[in-house]
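Have a look at the structure below, then the notes.
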There are 2 protein chains.
Amino acid sequence: MQRTGFAGADCPVARALDAIGDWWSLLIVRDAFDGLRRFGDFQKNLGIAKGMLTARLRKLVELGVLEQVAASDGSAYQEYVLTKKGHALFPVVVSLRQWGEANLFARGEPHSVLVDAQGERVGQLVLPSKAGRPLAWSDTKVRKVAARKR
Amino acid sequence: MQRTGFAGADCPVARALDAIGDWWSLLIVRDAFDGLRRFGDFQKNLGIAKGMLTARLRKLVELGVLEQVAASDGSAYQEYVLTKKGHALFPVVVSLRQWGEANLFARGEPHSVLVDAQGERVGQLVLPSKAGRPLAWSDTKVRKVAARKR
DNA sequence: TCGAACTGGTCTTAAAATAGGACTAGACAG
DNA sequence: CTGTCTAGTCCTATTTTAAGACCAGTTCGA
């Protein structure tokens, strides 16, 4: 059966997952943040089937997360680069990274880490209140809109 | 073919997506943050097939994101609640929400919003450097470990 | 300048995942 | 005791995925 979609949901989380919540899209975006640009680079680095990659890249371009530009090396080929909307996914990738680091590796198990320009490990993502005070989950709640179709 | 997995990857993003990067898991987690606890509540709210929900809940329990506890209303049934590891997914859900809010709704289109205890809308997630200065994507890079299998 | 190899795909196929619904055992309410 | 609710299991049709064969245009090396 066709996979259920959430494109019309009121909840931004549902819409976001509908757009980029499949098995590959965020890994492609992660690789794009890592500097990968070419079809073949993504394909080799991810080990993804070419047909899948074609479909995913096309969807990400349609969504406006990636755009195709002429290759930077002067060849006749094209490259895929993050748009502004794509760059806005940075916190999503970082939050997944930080959760993974803290919860999916054994103590001492090596993994890649995110560092700043000085090579220092970055801190944890912080959710500030309007006044700038850090908020935990229990300090927040979701204000729903009047129910529509869902 | 069997869906490609990333359980052994060096990259925490890949492992995180392997664990919770399917179409339903994060929506279940979102609903759990929203206070849903019972099988039937998740099923009704998400419109998910029961077989899917059974499989996803089981996987989330195995992962240690959810745990089953005796129902809080004194009945003989069970409930699913977030563990500490599950609560740690809060920034992931929030980052998806904020990206969705900013990029997937037309201007003026209504959507649910995250507010603090005073009902004020929360700010954007911030990634601080070790010293506490906010970092953008371009201020960071990924330090890889010595290449293994992938 | 010619052929070989590279790039960026398309197409086909088999296996696996999903949606949807029928069915069921035990709990609960009247 | 009986009907309904809960939390599932199981089955089937359809879609998605992985994997690889194949292909046209581009670039490279001699």
Side-chain angles (χ1 to χ4, degrees), chain A residues 1-9 14 17-28 31-32 35-62 66-81 149-150, chain B residues 1-9 14 17-28 31-32 36-63 66-81 149-150:
Chain A
M1 299 297 192
Q2 187 167 172
R3 181 179 278 165
T4 311
F6 303 99
L17 287 170
D18 188 63
I20 49 147
D22 64 277
W23 280 98
W24 291 111
S25 294
L26 279 172
L27 286 171
I28 294 170
D31 278 2
L36 271 58
R37 305 172 136 246
R38 299 280 282 251
F39 184 95
D41 294 336
F42 290 113
Q43 206 255 316
K44 276 195 287 283
N45 192 56
L46 293 170
I48 182 176
K50 291 161 130 200
M52 270 287 92
L53 181 57
T54 302
R56 286 294 176 267
L57 287 172
R58 209 175 327 256
K59 187 178 173 191
L60 289 169
V61 168
E62 268 171 35
L66 295 178
E67 67 185 328
Q68 281 190 287
V69 300
S72 50
D73 62 1
S75 73
Y77 299 112
Q78 296 256 296
E79 298 183 339
Y80 295 89
V81 299
K149 210 59 169 300
R150 217 216 59 232
Chain B
M1 298 295 191
Q2 188 168 174
R3 181 177 280 166
T4 310
F6 303 98
L17 288 171
D18 188 64
I20 50 147
D22 63 277
W23 280 97
W24 290 112
S25 293
L26 279 173
L27 286 170
I28 294 171
D31 278 1
L36 270 59
R37 304 172 137 245
R38 297 280 282 251
F39 183 96
D41 294 335
F42 290 111
Q43 206 256 316
K44 276 195 287 283
N45 192 56
L46 293 170
I48 184 177
K50 291 160 133 204
M52 272 286 92
L53 181 57
T54 301
R56 287 294 177 268
L57 288 172
R58 214 182 316 264
K59 186 177 172 192
L60 289 170
V61 169
E62 267 170 38
L63 270 171
L66 295 178
E67 67 184 328
Q68 282 190 287
V69 301
S72 49
D73 62 0
S75 73
Y77 298 113
Q78 296 256 295
E79 297 183 340
Y80 295 88
V81 298
K149 212 48 166 307
R150 213 217 55 232

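In what follows, every chain begins at residue 1, and chains take the letters A, B, ... in the order their sequences are listed.
A/D41 places its CG atom 8 Å from the P atom of C/dT7, with the value rounded to the nearest Å. One atom, CH2 of A/W24, and another, C1' of D/dT16, lie 13 Å apart when rounded to the nearest Å. Computed from coordinates, the B/R37 CZ to D/dT6 P distance equals 16 Å when rounded to whole Å. Rounded to whole Å, the distance from CG on B/D73 to C1' on C/dA27 is 12 Å. Regarding A/E79, its CD atom lies at a distance of 12 Å from the P atom of C/dT7, rounded to whole Å. Rounded to whole angstrom, the span from the CG atom of B/D22 across to the P atom of C/dA19 amounts to 10 Å. Between the CD atom of A/Q43 and the P atom of D/dA21 there is a distance of 13 Å, rounded to whole Å. At whole-Å resolution of the value, CG in A/L36 and C1' in C/dG8 are 15 Å apart.
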Protein-nucleotides 8-11 of chain D N/O pairs closer than 3.5 Å?
{"unit_1": "D/dG8", "atom_1": "OP2", "unit_2": "B/Y80", "atom_2": "OH", "d": "2.9"}
{"unit_1": "D/dG8", "atom_1": "N7", "unit_2": "B/K50", "atom_2": "NZ", "d": "3.0"}
{"unit_1": "D/dG8", "atom_1": "O6", "unit_2": "B/K50", "atom_2": "NZ", "d": "2.6"}
{"unit_1": "D/dT9", "atom_1": "OP1", "unit_2": "B/R58", "atom_2": "NH2", "d": "3.1"}
{"unit_1": "D/dT9", "atom_1": "OP2", "unit_2": "B/R58", "atom_2": "NH2", "d": "3.2"}

Using nucleotides 28-30 of chain C, report all nitrogen or oxygen pairs with the protein that are shorter than 3.5 Å.
{"unit_1": "C/dC28", "atom_1": "OP1", "unit_2": "B/A76", "atom_2": "N", "d": "2.5"}

Contacts under 3.5 Å, N or O only, protein and nucleotides 13-17 of chain C:
{"unit_1": "C/dA15", "atom_1": "N3", "unit_2": "B/M1", "atom_2": "N", "d": "2.8"}
{"unit_1": "C/dA16", "atom_1": "O4'", "unit_2": "B/M1", "atom_2": "O", "d": "3.3"}
{"unit_1": "C/dA17", "atom_1": "O3'", "unit_2": "B/R3", "atom_2": "NH2", "d": "3.3"}

Show each protein N/O and nucleotides 28-30 of chain D N/O combination with a separation under 3.5 Å, one pair to a line.
none

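Taking CG from B/N45 and CG from B/L36, the interatomic distance works out to 5.5 Å, rounded to the nearest 0.5 Å. Note that CD1 of B/I28 and CZ of B/F42 are 7.0 Å apart. Values are rounded to the nearest 0.5 Å. If you take CG on B/D41 and CD on B/E79, they are separated by 8.5 Å, rounding to the nearest 0.5 Å. Distance CG/A/L17 to OG/B/S25: 10.0 Å, rounded to 0.5 Å. Here the CZ atom belonging to A/R37 is positioned 12.0 Å from the CD atom belonging to A/Q78, to the nearest 0.5 angstrom. Atoms CG and CG, from A/L26 and A/L60 in turn, are 8.5 Å apart once rounded to the nearest 0.5 Å.
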**Request:** Please assess A/Y80 against A/V69 for the test side-chain contact (heavy atoms from CB on, under 4.5 Å), listing each intermediate value before the final yes or no.
**Result:** CA-CA 6 Å; A/Y80 295 89; A/V69 300; over 6 Å; no
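Residues A/K59 and A/D18 come closest through the heavy atom pair NZ-O, 3.4 Å. Here the closest heavy-atom approach between residue A/A32 and residue A/L66 is recorded as CB-CD2, 4.4 Å. Across all non-hydrogen atoms, the minimal contact from A/L27 to B/A14 is CD2-CA, 3.9 Å. A/R38 and A/S75 get closest at one heavy-atom pair: NH1-OG, 3.9 Å.
B/R38 has no side-chain polar atom (N or O) that falls below the 4.0 Å cut-off from OP1 or OP2 of D/dT6.
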All N/O donor-acceptor pairs, side-chain side in residues 47-57 of chain B, below 3.5 Å, sequence neighbours left out:
{"unit_1": "B/T54", "atom_1": "OG1", "unit_2": "B/K50", "atom_2": "O", "d": "2.9"}
{"unit_1": "B/R56", "atom_1": "NE", "unit_2": "B/D22", "atom_2": "OD2", "d": "2.6"}

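The bend of the helix from C/dT1-D/dA30 to C/dG30-D/dC1, defined by the angle between the axes of its first five and last five pairs, stands at 30° to the nearest 10°.
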